[in-house]
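Following: one structure in structure tokens, then a few remarks.
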Amino acid sequence: MTNNITVKALVITGYGINCEEEMAAAYQFSGAKADIVFINDILEGDISIHDYDIVNFPGGFSFGDDISSGKVLANKIKFKQLTSGKTLLDELQIFLNNGKFVMGVCNGFQVLVKLGLLPNIAGNFAPETTLTNNNSGKYEDRWVYCKVNPNSKTPFLSGIDKIDLPVRHGEGRLLIKNDSLRQQIIEQNLNCLSYCDAAGTITGEYPLNPNGAELNCAGLCSPNGQVFGLMPHPEAFLSFYNHPNWGQLKRQNPNHTEDGEGLQIFRNIVAHIKLQYLQAVAL
């Protein structure tokens, strides 16, 4: 019955965002309909986010990462007035209040943090964390292991224990505003994805943790799990053959699935949204 439900994903692009095609493909491979939309078409009122089930902020270099990564795009979303008189941030708040979902990857994660959508512990959409320069002082382009917090509430990571993904960023180090917020992030299991070693042991050791993030954080979610952001790129691992070591892995396990590990994140959220539709119909 869920096959009759079409999940609609909005993938935002423009001004230096460059991972939109991969993200749209991830949703299409997961059975959803994905539309790539230029941010100005939303800001000018030609496209409504409310026609979709999930809004996505892909990776890239929005506005050339001038000032700090994601900051300029976040300000445009926060302050640019729409024809309705609201801002896109206002509309995103309504969107989330309607039970829908938002995802940001890499530069998109930076945008969500600077908008205050993540972690948003206080619920007032004020920035509580930031993502800043890597401790290494350089752009990091490597594959990392990530451990999922088993107590996380976000449906994006359901059923995943450890995941192997690529990172490519210069500003991925999470800094938390104060000790109180740090403790709340820990207690509410909002640090949903952490850098780890091959055995799944969470670590701050470089380069396993490529940026020096507090709490070894690779991804955050909001308290209700509707908003999810991460620095690694799941949309860059949709096929097993994306992995740099696929040949050896295939020899070790000839029956290895040809799906990339990143695809599961998108399948999870698409399945969850379909389930929500079924539950709504049943009420």
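Side-chain contact check for Pro58 versus Val105: every heavy-atom pair is 4.5 Å or farther apart. Here the side chains of Ile186 and Asn191 are not in contact, with every heavy-atom distance at 4.5 Å or above. For the pair Thr132 and Ser68, the minimum side-chain heavy-atom distance is 4.5 Å or more. Side-chain contact between Phe237 and Ile163 is absent, with no heavy-atom pair separated by less than 4.5 Å. Within the 4.5 Å cutoff, the side chain of Asn135 has heavy atoms near those of the Arg173 side chain. A 4.5 Å side-chain heavy-atom check between Ile39 and Leu88 finds at least one atom pair inside the cut-off. By the 4.5 Å heavy-atom criterion applied to side chains, Met103 and Leu230 are counted as neighbours. The closest side-chain heavy-atom distance from Cys19 to Cys106 is not below 4.5 Å.
To the nearest 0.5 angstrom, Asp53 atom CG is 10.0 Å from Ile5 atom CD1.
Contact between Met231 and Glu171 at its shortest, heavy atoms only, is CE-O, 3.9 Å. Here the closest non-hydrogen pair linking Pro155 and Phe101 is CG-CE2, 3.8 Å. The heavy-atom pair separating Ser62 from Gly70 by the smallest distance is OG-CA, 3.9 Å. Contact between Gly262 and Leu165 at its shortest, heavy atoms only, is CA-CD2, 3.9 Å. When all heavy atoms are compared, the tightest approach of Trp143 to Pro244 is CE2-CD, 3.3 Å. When all heavy atoms are compared, the tightest approach of Tyr195 to Cys217 is CE1-O, 3.3 Å.
Checking Thr87 against Asp90 by side-chain atom types alone, a donor-acceptor pair falls below 3.5 Å. Using modelled atom types, one finds no donor on one side chain facing an acceptor on the other under 3.5 Å when comparing Asn98 with His50. In the model, Thr203 has no side-chain atom that pairs as donor or acceptor with a side-chain atom of Asp197 under 3.5 Å.
At least one donor-acceptor pair under 3.5 Å links the side chain of Glu128 to the backbone N or O of Ala122. Checking side-chain atoms of Asn242 against main-chain N and O of Leu238 turns up a donor-acceptor pair under 3.5 Å. Counting only distance, with no hydrogens or angles, the side chain of Asn134 and the backbone of Gly172 share a donor-acceptor pair below 3.5 Å. With Ser158 contributing its side chain and Asn268 its backbone, the two residues share no donor-acceptor pair below 3.5 Å.
Relative ring orientation between His256 and Phe240 is described as parallel, the plane-to-plane angle staying below 30° on a 0-90° scale split at 30° and 60°.
In Trp246, the CH2 atom is not crowded: 12 or fewer heavy atoms of neighbouring residues, nucleotides or ligands sit closer than 6.0 Å. Counting heavy-atom neighbours within 6.0 Å of Lys153 NZ, excluding the residue itself, gives a total of 12 or less. In the displayed structure, Lys162 atom NZ is contacted under 6.0 Å by more than 12 heavy atoms of other residues, nucleotides or ligands.
Connection of Phe38 to Tyr52 is established within a shared hydrophobic cluster, with ILVMFWY side chains joined at heavy-atom distances below 4.5 Å, either directly or through further cluster members. Ile49 and Val270 sit in two unconnected hydrophobic clusters of ILVMFWY residues. Membership requires side-chain heavy atoms under 4.5 Å apart, directly or through other members. Side-chain heavy atoms closer than 4.5 Å link hydrophobic residues (I, L, V, M, F, W, Y) into clusters, and following such links, even through other members, never connects Ile17 to Ile54. Cluster annotation: Phe95 is connected to Val113 through the hydrophobic network of ILVMFWY side chains, with a link wherever side-chain heavy atoms come within less than 4.5 Å. Ile185 and Leu193 fall into different hydrophobic clusters, where Ile, Leu, Val, Met, Phe, Trp and Tyr are joined by side-chain heavy atoms under 4.5 Å apart, directly or via other members.
For Lys100, there are no salt bridge (Lys or Arg N to Asp or Glu O under 4.0 Å) partners, not counting sequence neighbours. Phe63 is linked by a side chain to side chain contact (heavy atoms under 4.5 Å, CB included) to Tyr15, Val72, Leu73, Lys76, counting only residues two or more places apart in sequence or in another chain. Not counting sequence neighbours, Lys78 has no partner by the salt bridge (Lys or Arg N to Asp or Glu O under 4.0 Å) test. With sequence neighbours excluded, no residue forms a salt bridge (Lys or Arg N to Asp or Glu O under 4.0 Å) with Asp46. In terms of the side-chain hydrogen bond (donor to acceptor under 3.5 Å, both in side chains) criterion, residue partners of Tyr206 (sequence neighbours excluded) are, by chain and number, Glu140, Arg142.
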Worked check of side-chain contact (heavy atoms from CB on, under 4.5 Å) between Cys221 and Phe156: CA-CA 9 Å; Cys221 67; Phe156 288 92; over 6 Å; no
Test log, rule side-chain contact (heavy atoms from CB on, under 4.5 Å), inputs Glu258 and Lys250: CA-CA 9 Å; Glu258 297 198 349; Lys250 189 73 169 178; 4.2 Å; yes
Chi angles and distances behind the side-chain contact (heavy atoms from CB on, under 4.5 Å) call for Leu115, Phe125: CA-CA 7 Å; Leu115 279 173; Phe125 298 92; over 6 Å; no
Verdict with reasoning, Lys114 to Thr130, per side-chain contact (heavy atoms from CB on, under 4.5 Å): CA-CA 7 Å; Lys114 289 172 171 63; Thr130 193; 3.5 Å; yes
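Counting only residues at least two apart or on different chains, the side-chain hydrogen bond (donor to acceptor under 3.5 Å, both in side chains) pairs with a member in residues 180-189 are Asn149-Asn189, Asp179-Arg182, Ser180-Gln184, Arg182-Glu214, Gln183-Glu187.
Exactly one residue among Asn107, Asn211, Asn133 makes a side-chain hydrogen bond (donor to acceptor under 3.5 Å, both in side chains) with His169. That residue is Asn211.
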